[in-house]
K.L.:
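Handing you this structure, nothing more for now.
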Amino acid sequence: MLLKLVTWLLARDRRVKQLFLVVADTLIVLASVWLAYSIRLNTLHVPNQAQLVLILSAPVLAIPIFYSFGLYRSLIRYVGEEAIWAAFKAVGLMALLWGLLAFMTRAYGIEGVPRSVLVLTWLFTLFMVISLRFVARWFLIILSSSSVPRRHFLIYGAAEAARQVSATLQRHNPRLSILHVTDDPSLYGRLIGGNPVYPAREVPQLVRRYDIKDAIITLRYSSNEKRMSVIDSLRKHGVRVRILPAFADIVEGKHVVNMVRDIEIGDLLGREMAVPEKSLMDRNTQGKAVLITGAGGSIGSELCRQVVTLETSRLVLLESSEVALYQIVRELGDYDELEIVPVLGSVTDEELVKRIIAEHRIDTVFHAAAYKHVPLVEQNPYQGVINNALGTLSVATAVYESDAAVMVLISTDKAVWPSSVMGASKRIAELVMQDFAARAKQAGLKKAFCAVRFGNVIGSSGSVIPLFSEQIRNGGPLTLTHPEATRYFMTVSEAAQLVIQAGSIAHAAAEMSRSDGDIFLLDMGEPVLIRDLAIKMIQLSNLTICDERNPQGDIAIKVIGLRPGEKLNEVLRYSVEPPVSTVHPKISVASEPPLDALDFERLYHDLREVIAMQDHDKLVELLSKVTGLGSRANPRKDA
């Protein structure tokens with residue numbers, strides 16, 4: 001019964017908990033005064049009228065004093081030495097003022113307030129006020145950690161900073177076992193906050209014995225060389241290492257961004273990641289020459305990271321941004337078995353693309369180069385169509401005229417019933433792939449042209465998650481386009497792996513002359529309500545939401561309205577017919593046959609002509625005619 005009552009109380013609003021403490025402290029003060037009288041007089045004391053008035057006045061004095069000393073502001077979860085000291089001062093002041101009140105009302109003496117009653121009241125009140133808070137903390141710990149398995153954590157250091165870190169960690173997770181290591185022989189075998197201290201030389205044995213996965217370095221006054229040595233030694237044993245910044249730097253505002261809790265991808269998606277099938281990963285990459293366009297972008301760079309692990313013979317990176325190309329080449333480093341060739345240029349340069357494919361004897365092309373920020377492309381429609389649509393046409397033409405066997409286009413859910421120029425340009429890119437697949441099939445070529453369509457990728461520059469993370473670091477507010485907006489989400493690594501595997505499925509179909517420019521759909525789970533995502537990210541950062549119910553919260557959420565070209569909800573396919581399954585459970589084929597009535601050569605000619613004329617109205621008219629731009633800005637979720 002008591003456990004249920006405590007559980008119910010802990011689940012209530014903070015103000016309810018504060019009211020409970022006020023009521024409990026009132027009863028504690030009254031009980032302490034009565035108990036002091038009873039012990040002093042050696043009987044179950046029945047107060048007279050004057051004593052009753054004084055006894056009742058004790059909590060009237062005590063509660064404001066307790067409040068002013070912060071006994072109702074501190075959270076029970078973090079009760080510690082500061083709370084004891086605050087209670088000591090608050091109860092002492094209360095007893096002193098109560099004694100002065102008794103003296104001023106001439107209530108001293110056996111019939112009033114004996115001096116010893118003041119001392120006993122102070123002792124009993126102090127003991128019970130502190131005990132109440134620690135018992136409540138104990139209940140909270142028991143309820144929150146009963147189902148949590150015990151794990152071990154390493155702290156390199158044994159000074160005051162290390163003690164504070166270990167105390168904080170164990171307040172959050174009492175079942176966490178802390179092991180300290182140090183180079184100071186005088187501390188070997190001692191305890192810090194109840195946690196043992198070991199010699200630094202025993203780190204390898206400790207890591208193996210206790211299966212330690214995480215460590216914090218608290219060597220605030222050590223040299224960088226010393227810290228790097230410690231970091232390297234821990235990482236060699238597979239331990240995830242973090243460094244505690246100097247407290248002076250924290251006070252000055254440095255390192256605050258880095259102290260924000262890492263957001264776990266699984267927490268945001270709530271589903272398991274797809275496990276790649278090795279045979280599908282290897283088919284178009286192992287021993288092959290691979291070209292990745294847009295290699296410095298979020299999807300392109302992840303494709304690079306995946307491909308370099310697949311025994312590829314040559315990897316060519318085409319990127320128009322010098323900075324992005326430099327960063328991905330530097331990240332990939334040197335591979336003895338793999339030749340990495342960085343090429344600075346645009347996919348719209350058809351002659352450059354043809355030369356790259358021919359010179360490096362490319363087998364597989366992953367076409368990830370695209371402008372994808374909807375509002376920016378709305379403001380720069382010509383460049384968006386040139387890069388996304390005509391750029392895809394340039395690459396597809398070069399692949400068709402070469403010995404390359406596979407081209408995979410990275411598409412987007414915004415290509416379905418597009419409401420933006422960006423979505424329409426990507427839809428035309430999909431149609432380009434179907435056009436060239438039909439050409440290859442008619443010519444008897446075993447070439448695969450396909451598109452892989454999926455939604456938002458967590459961590460990409462176009463995703464809302466990096467924006468929310470930045471806004472949280474800056475103190476908010478989080479900008480929400482619409483309270484009911486939803487999006488599909490997938491991790492960038494999972495998306496890249498599925499793209500590679502979809503290309504292999506398309507290649508197998510092309511070799512059997514069954515490829516029609518398939519548009520592959522990735523299983524992205526259920527769409528995520530962006531507002532729920534924002535709330536979860538705030539909570540995962542150990543912050544609270546500032547709204548009407550909690551005006552003192554940390555981060556507010558501000559609705560700014562849908563921007564030009566944005567949808568309320570995205571869908572992954574045109575047809576209401578279910579997609580066709582493939583050999584991979586997370587990859588299916590959209591039931592969208594090619595548009596046979598479309599004159600592609602005329603389309604390509606008209607696109608170039610309209611762009612050359614810089615006629616916005618005619619561009620929108622052409623995109624609307626071909627893709628249905630704007631015809632269904634907010635399609636049904638079940639479409």
K.L.:
Test of understanding: with salt bridge (Lys or Arg N to Asp or Glu O under 4.0 Å), list the residues that count as partners of Glu350, not counting sequence neighbours.
P.N.:
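In terms of salt bridge (Lys or Arg N to Asp or Glu O under 4.0 Å), with neighbours along the sequence ignored, Glu350 is linked to Lys354.
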K.L.:
Applying side chain to side chain donor-acceptor pair (under 3.5 Å), name anything that partners His507, two or more places apart in sequence or on another chain.
P.N.:
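Checked His507 against side chain to side chain donor-acceptor pair (under 3.5 Å); matches are Asn284, Glu511.
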K.L.:
Who are the side-chain contact (heavy atoms from CB on, under 4.5 Å) partners of Lys618, not counting sequence neighbours?
P.N.:
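Partners of Lys618 by the side-chain contact (heavy atoms from CB on, under 4.5 Å) criterion, ordered by chain and then number, come out as Val610, Met613, Asp615.
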K.L.:
Should Glu430 and Arg427 count as an ion pair when the cut-off is N to O under 4.0 Å?
P.N.:
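Yes.
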K.L.:
Who are the side chain to side chain donor-acceptor pair (under 3.5 Å) partners of Gln379, not counting sequence neighbours?
P.N.:
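By the side chain to side chain donor-acceptor pair (under 3.5 Å) rule, Gln379 matches no residue at all.
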K.L.:
With sequence neighbours left out, what residues match Val341 under side-chain contact (heavy atoms from CB on, under 4.5 Å)?
P.N.:
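By the side-chain contact (heavy atoms from CB on, under 4.5 Å) rule, Val341 matches Arg314, Val316, Glu339, Val343, His360.
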K.L.:
Just jot down the ring-ring contact (aromatic ring centres under 6.0 Å, His included) partners of Phe449, sequence neighbours excluded, or say none.
P.N.:
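Applying ring-ring contact (aromatic ring centres under 6.0 Å, His included) to Phe449 gives Phe436.
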K.L.:
State which residues pass salt bridge (Lys or Arg N to Asp or Glu O under 4.0 Å) with Glu359; sequence neighbours excluded, sorted by chain then number.
P.N.:
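Expected list: Arg355.
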K.L.:
Suppose we screen for side chain to side chain donor-acceptor pair (under 3.5 Å). Which residues come up paired with Tyr400, at least two apart in sequence or across chains?
P.N.:
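Per chain and number, Tyr400 pairs via side chain to side chain donor-acceptor pair (under 3.5 Å) with no residue.
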K.L.:
Mind checking salt bridge (Lys or Arg N to Asp or Glu O under 4.0 Å) for Asp211 and listing every partner two or more places apart, or none if nothing turns up?
P.N.:
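Asp211: salt bridge (Lys or Arg N to Asp or Glu O under 4.0 Å) contacts with Lys213.
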K.L.:
Please list, chain by chain and in numerical order, all residues satisfying salt bridge (Lys or Arg N to Asp or Glu O under 4.0 Å) with Lys278, sequence neighbours excluded.
P.N.:
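In terms of salt bridge (Lys or Arg N to Asp or Glu O under 4.0 Å), with neighbours along the sequence ignored, Lys278 is linked to Asp282.
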K.L.:
Kindly write out the residues that satisfy side-chain contact (heavy atoms from CB on, under 4.5 Å) with Thr392, not counting sequence neighbours, or none if the list is empty.
P.N.:
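For Thr392 the side-chain contact (heavy atoms from CB on, under 4.5 Å) partners, ignoring immediate neighbours, are His367, Met407, Leu409, Ala429, Val432, Met433.
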K.L.:
Looking at residues at least two apart in the chain, or sitting in another chain, which of them share a side chain to side chain donor-acceptor pair (under 3.5 Å) with Glu331?
P.N.:
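Expected list: Arg305.
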